[in-house]
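Structure first, commentary second.
Residues: numbered from 1 along the sequence shown. Start at 1 and go down the list; that is how both ligands and their atoms are numbered.
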Amino acid sequence: MKKLLALALAVVMLMSVASALAEYKVAFSQIGQESDWRTANTDSIKAAIEGHEGWELIYDDAQQKQENQIKALRNFITQGVDVILFTGVVSTGWEEVLKEVNDEEIPLILVDRMPDCMDQIEYAAAFGGDFVEEGRRQTAWAGEYLKSIGRGEEEINVVIMEGTTGADAQVGRTKGNLAGLEAYPNLKVVAQQSGNFTRAEGQALMESWLKSIDKIDVLIAQNDDMALGAIDAIKAAGKVPGKDIIIVGCDSVKAAFDAIVAGEMNATIECTPLYGPFVVNAVEKLQAGEAMSKTLVHPEEGVYDMDGGIDLGTVVSVKAADVIDERQY
Ligand code: AHR
């Protein structure tokens, strides 16, 4: 009888240890679902965490609102999660809440957009796009392409459609766009405004530019969704996208590849959303107590266009039609 009781006790103890192990809570504060890129990013991270044995995903979609993200982070603290994955809708205003996360000693992994208080908080690892370089590649692509078709001396009017104002991706890409333009004095910026990273706002902004600006030669859209919205506006205005107006997007989503292959868009600069594997690797290291580098890791990214072969110094473009079948998102 005693033996039976001891065995039952051991089984109960093993079960509670197993259930405790099964509850490594990985919380993820996502910005919202403003673009195809964002959907692919959410899917990549969700699938990686949910597919991992012993991990539970606690997910929050902030619907593009910083106050919702702050609330979510505080809820994660109250729930006693084991690790927090965080990307901020804008780059400022996080110091207080991220310090609260630090005070509770909950490890923080920064993904995609970095907060500007990075050097004042503790974090375990950081993975995100090189937004300044992406922006530089956009305008450099336009400058080099125009040279390649014999328009390197012509006065060219450029409009820059920016992402969500104050977002790390918008701040970095704008800096890179303007730095890239310095090498091409024939390219002149005639308008610069936010389309908020969405297709609908990209379309509306292009409609208004087409009404108010006489000559637009190049559209630099800081993401593909805005470029795709702008294409609809350009067609509605009776112009030919990709020809009358040269269009350079950013992200390299499948829909942009389709537009390039259809001849309606000229190029897209890659920004990978596939952070699932990076995050899994980092959380596994955390669980194992392994040290990690605090250096911001940028994934390797390419440039895709109609014909390939445009040399941007750090990268040479690849013909989109040759690799379209490999696109996952
Ligand atoms: O932070 C990455 C950017 O956010 C992507 O370029 C854009 O599509 C997304 O909404």
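Legend: salt bridge (Lys or Arg N to Asp or Glu O under 4.0 Å) pairs involving residues 73-83, not counting sequence neighbours, sorted by first then second residue: R74-E96, R74-E100. The salt bridge (Lys or Arg N to Asp or Glu O under 4.0 Å) analysis of residues 133-142, with sequence neighbours excluded, yields the pairs E133-R136, E133-R137, E134-R173.
Under the side chain to side chain contact (heavy atoms under 4.5 Å, CB included) criterion, P277 pairs with S44, not counting sequence neighbours.
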Check ligand 1 against the protein and report each N/O to N/O distance under 3.5 Å, formatted as atom name, atom name, distance.
unit_1, atom_1, unit_2, atom_2, d
ligand 1, 1 (O), R38, NH2, 3.4
ligand 1, 1 (O), D112, OD1, 2.8
ligand 1, 1 (O), D112, OD2, 3.3
ligand 1, 1 (O), R113, NE, 2.9
ligand 1, 4 (O), R38, NH2, 3.0
ligand 1, 4 (O), R113, NH2, 2.9
ligand 1, 6 (O), R173, NH1, 2.8
ligand 1, 6 (O), R173, NH2, 3.1
ligand 1, 6 (O), D251, OD1, 2.5
ligand 1, 6 (O), D251, OD2, 3.4
ligand 1, 8 (O), S35, OG, 3.2
ligand 1, 8 (O), N223, ND2, 2.9
ligand 1, 8 (O), D251, OD2, 2.6
ligand 1, 10 (O), E34, OE2, 2.3
ligand 1, 10 (O), S35, OG, 3.0

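Using a 4.0 Å cut-off between a side-chain N of Lys or Arg and a carboxylate O of Asp or Glu, E95 and K99 qualify as a salt bridge.
A cation-pi contact links K46 to Y59, judged by a cut-off of 6.0 Å to the six-membered ring centre and 45° from its axis.
Using a 4.5 Å heavy-atom threshold, the side chains of V323 and Y304 count as touching.
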